[in-house]
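In what follows, chains carry the letters A, B, and so on, assigned in the order in which the sequence lines appear, proteins first and then strands, with residues in each chain numbered from 1. In this text the structure is predicted, and so the values were computed from the model without any measurement.
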Amino acid sequence: MTYLSRRRFLKISGASIIATAALSSAGGVVKGAKKLEEKTGKKIKGIQKIPTYCSMCFWKCSAIAYVKNGELWKIVGNPEDPLSNGRLCPRGTGGVGAHYDPDRLKAPLIRKNERGEEKWVQVTWDEAFEYIASKMNKIKKDYGPESIGFFSHGIGGGFFKHLLKAYGTRNIAAPSFDQCLGPRDTAFEITYGDVIGGPERTDIENAKCIVLFGSHIGENMHNTQVQEFAKAVERGASIIVVDPRMSTAATKAKYYLPIKPGTDLALLLTWINILISEDLYDKDYVKKYTFGFEQLKAEVSKYTPEWAYPVTGIEPELIRKTAHEIARFIPSALVHPGRHSVWYGDDTQRGRALAIINALIGSWGRKGGLTNQDVFDIPSYPYPPYPEPKRQRADNPDKKYPFGGAEGYTTGLREATLTGKPYPIKGWFVYGTNLLYSLPNTEETIKAIQNLDLLVVIDVIPSEIAGYADVVLPEAVYLERYDELFAPYFKQPFVSIRQPVVDPPNDQKPGWWMAKQLSEKLGLQKYFPWKNIEEYLDTRLKSAGLSLAEIKKKGVIKGPEIPLNLEEGFEPEFETPTGKIELYSTVLAEKGFDPIPKFTKHKDPPAGYFRLLFGRAPMHSFSRTQTNRLLDNVMNENEVWINADVAKKYGLNSGDYIKLKNQDGVLSNKVKVKSTERIRTDCVYIVHGFGHNSRMLKGAYLKGASDSQLITKYKIDPLMGGTGMNVNFVTFEMEV
Amino acid sequence: MARFGMVIDTVKCVGCTDCVVACETENNVPVGFARDWIEQIAIGKFPDTHVEIRSERCNHCSEAPCVNCCPTGASHHSEFGGVVLVTHNECIGCKACIESCPYGARFVHPEGYIDKCTFCIHRVKEGKDPACVSVCPTHCMHFGDLDDPNSEVSKLLQKRKHHSLLPEAGTSPNIFYLT
Ligand code: SF4
Ligand code: SF4
Ligand code: SF4
């Protein structure tokens, strides 16, 4: 660590960031330090192939990383992996660029000036942990341990979650729920007593008819889904896409329904009505497995295609035709439940309608529908029990949102931090999520941060939230570290390993190591009884009859196959109060919500404004990959999609730069116009994650516009607290 | 002699650019350049828009203007499957080939020579597919010998509707797009 002390008190704002071993080499990406050579003193020759699972999004495909002459060369899919089937997505392939990213955080930092000024003092790991531990001890003494909150995204957060539970808090929340798939999973849990999960239980591969609501598979690059979708396209499956924007998936569809934004529920209820009133639903299935059919029938009878036409903009004939098309393929039709579903604030009810229509076509437990899933059971490490917190969680006091995530509720935790109610929250740990991009209304987040005595950010790049941190802990990227085992619910149970492929180029460290070190400073070492991560992983694996040595070699170990559907002998069970699929929800009725979804109308944009829609591009993940030079190479800024007629009216051409201004007067960075025949006239679309304004993200600084900046308004889902974010309107500012 | 070519299914391609990124890592293509790229062409009026998504690269033309115009013979047809290649140390960087290529497939490598897609000939010689073909998550790309009527690529062309790029340029391109 001697080289560290030499640089310790260098300020690293802007261009003064510490010189690193990064050299621009003639061939390809910027190469990192050749650690292996340093160690051995001689050139490393030849190719090594090391299996490990990916972290470029959170699908966690298993990969094989190639190291050539001691340097990371390329990454390909592990053929044994049931998620990737040997083929990664562009981010997985481009993971090489995460290791070589010149904008990476390189050493622990402690804030010097005001929060957000990005002025730092570089410290040793020991100093960083001392600082954090002393603040945590003080917070515990003054406010109690529950006054620390944790926001986390990704499997690596697990070690910090463990540490913080041991410390005594349960205020743990994940934007992947409340800002993403929460409403969908809540709706399916209410209806079927089980979630859709991720990886989703959708059997796209075998579906004969697939309906997508705004779900832009192919742009949303969750690998297995895309691969199965491509197979379905090849097989000639009937694809129906409902989306205000002609997504990539829509370009493959037999029927494309350019629905008016915010009216999906109207179309769904109308389809449900047609299936029932024209006797097209799966009668045996509904009789055997569902509850509340008569109530449903009565409730939806008012939603006729003629009613839906002015609401959705979809002609009655097309609504009928597509309903018949879905019915034609029962029992191999699938209305995809979607994933990112926080749109309008009534999202759980829309999710309910998706759940109901899937019940009417009998998709749950059917081949080409929603399959059975199971997990490779690996017992958790035998830790001592956590201390019981004295106070209830602060994020959802008195269960204001009765179906709020069991995992904690993000904007509720932010609210508690802002108001000090039900009790003050004085410290945040943030792992792997750029909160200023993942939570709506950045102003509120920044205000909440001002109430904190401690903000610790653990990340690989200097994300915007890192700019507000008191302490920044630079994590080694996934290719440089061990992590928790991955064993998800999936149609083929398996367990996979993440293991180091190359050394971190600077003083970055794995999350597990940080958590363990910090536990010692906090006197919580009894919660980290293992010597190192290998011992931890081996203990867990051995308790499942496996070994670290074996999985290190294979990367993936599959469990036994399971029956996936009724055809294969799977008999579904529904853990709802009635033991049936609840078309009429008894739990919603009990809590005073609509037991059957009702259409609610959402506000239209005022004249001269357009609804702001956002989504994903296949080569980027959230706001975390824009400095990856390999991925920047294929997409280095986002564009605002504007209908060609609208663009013409405003005198805009593709390639022009404008700014977007939202209903609250918030102005975006400048963004390139894409004048296109692939979107409606009442909305515009941008890819999420661009428009960075952290100066330390040199490769991404001010490239494109950020939807997060423009999402000042959000509508909370009264059932589970998710934040509907498609409720912002923008206009064009020609001056840039 | 074999005639190597590609058949790419635009119906399945989602434009994810995995083929581009894989080419970058496989061939150490310098940042800022690319040997392959994605085009998305939209025709017609919303919502009846037709979109074609294509993964493009050097067409390894049988009548290659880039080969014909090269003053040193650096640009040539390889004995191996007719692949169009550039011999780096014979290339004087005059850029005539860049001018002559109607597809914009070539660029000046920072080391001074002209670079472009090689059909990953180093992989093909080992019996593997080119990198882009081997990674494509949708399996929409196919590589093989177009002169062999029993090859997968030939069979696909017999079975499916297809087109090539700028046939009017008279270059006899060897990449075909299924529609
Ligand atoms: S989908 Fe892509 S980024 Fe996500 S885990 Fe798989 S390869 Fe990695
Ligand atoms: S990898 Fe395949 S699906 Fe993706 S853009 Fe390239 S050709 Fe298309
Ligand atoms: S595509 Fe261009 S570079 Fe390739 S062979 Fe044809 S003319 Fe030459």
Side-chain angles (χ1 to χ4, degrees), chain A residues 24-30 66 72-77 84-97 100 217-219 221 223-224 226-227 229-231 233-234 246 248-252 256-258 617-619 629-635 643-645 676-681, chain B residues 9-38 40-53 55 109-113 115 120 123 128-129 131-141 156 160 178-179:
Chain A
S24 189
S25 79
V29 288
V30 182
Y66 282 62
L72 180 62
W73 170 31
K74 65 176 180 180
I75 311 171
V76 300
S84 71
N85 303 302
R87 297 193 175 209
L88 298 178
C89 84
R91 298 160 301 176
T93 306
V96 173
Y100 291 121
I217 293 177
E219 289 158 287
M221 200 61 207
N223 199 348
T224 324
V226 178
Q227 294 191 12
F229 184 71
K231 278 190 195 158
V233 169
E234 180 166 38
M246 187 183 257
T248 298
T251 70
K252 322 280 183 201
Y256 167 50
L257 277 48
M619 61 294 274
R629 300 304 196 263
L630 280 169
L631 302 182
D632 173 85
N633 211 30
V634 280
M635 180 175 182
N643 175 279
D645 291 340
T676 178
E677 295 289 355
R678 290 179 62 182
I679 192 164
R680 284 173 61 97
T681 54
Chain B
D9 190 344
T10 63
V11 182
K12 283 173 77 185
C13 174
V14 295
C16 70
T17 72
D18 200 13
C19 45
V20 181
V21 181
C23 175
E24 301 273 322
T25 56
E26 174 71 32
N27 298 304
N28 250 337
V29 180
V31 163
F33 299 91
R35 289 180 175 186
D36 53 349
W37 61 92
I38 306 301
Q40 297 212 11
I41 316 289
I43 312 160
K45 201 88 195 118
F46 184 81
D48 300 313
T49 322
H50 175 79
V51 177
E52 182 169 297
I53 306 176
S55 172
H109 191 283
E111 283 174 11
Y113 57 84
D115 199 13
C120 283
R123 290 176 57 94
K128 297 178 192 150
D129 271 333
C132 52
V133 176
S134 76
V135 300
C136 173
T138 68
H139 288 258
C140 77
M141 308 177 75
L156 280 166
R160 297 267 307 266
L178 304 178
T179 55

Under 4.5 Å from any heavy atom of chain A - which part of [X]:
X	result
B:H50	neither
B:I43	neither
B:A42	side chain
B:C136	both
B:Q40	side chain

| task | Answer yes or no: is there a side-chain heavy-atom contact under 4.5 Å between B:P47 and A:M246? | result | no
| Flag side-chain contact, heavy atom, 4.5 Å: B:E24 against A:T93 |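 SC-SC contact between B:E24 and A:T93 ruled out.
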Contact leader toward chain B among [options], where contacts are heavy-atom pairs under 4.5 Å:
options	value
A:E219, A:R678, A:M619, A:M635	A:R678
A:D645, A:L257, A:I217	A:D645
A:K252, A:K74, A:Q227	A:K252
A:A249, A:A250, A:G77, A:A230	A:A230

Give the minimum heavy-atom separation between [X] and [Y], together with the two atoms involved.
X	Y	result
A:L88	B:D18	O-OD2, 2.5 Å
B:T138	A:V226	CG2-CG1, 4.1 Å
A:P90	B:V21	O-CG1, 3.8 Å

| Does any N or O in the side chain of A:E677 come within less than 3.5 Å of the main-chain N or O of B:F46, such that one atom is a donor and the other an acceptor? |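 Yes; judged by distance alone, with no hydrogens or angles, the pair exists.
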| task | Heavy-atom distances under 4.5 Å only: say whether A:I679 touches chain B with side chain, backbone, both or neither. | result | backbone
| A:I75/B:T25 under side chain to side chain contact (heavy atoms under 4.5 Å, CB included): CA gap, chis, key distance, verdict | CA-CA 8 Å; A:I75 311 171; B:T25 56; over 6 Å; no
| task | Taking ring-ring contact (aromatic ring centres under 6.0 Å, His included) as the test, write out the residues that go with B:F33, two or more places apart. | result | B:F107
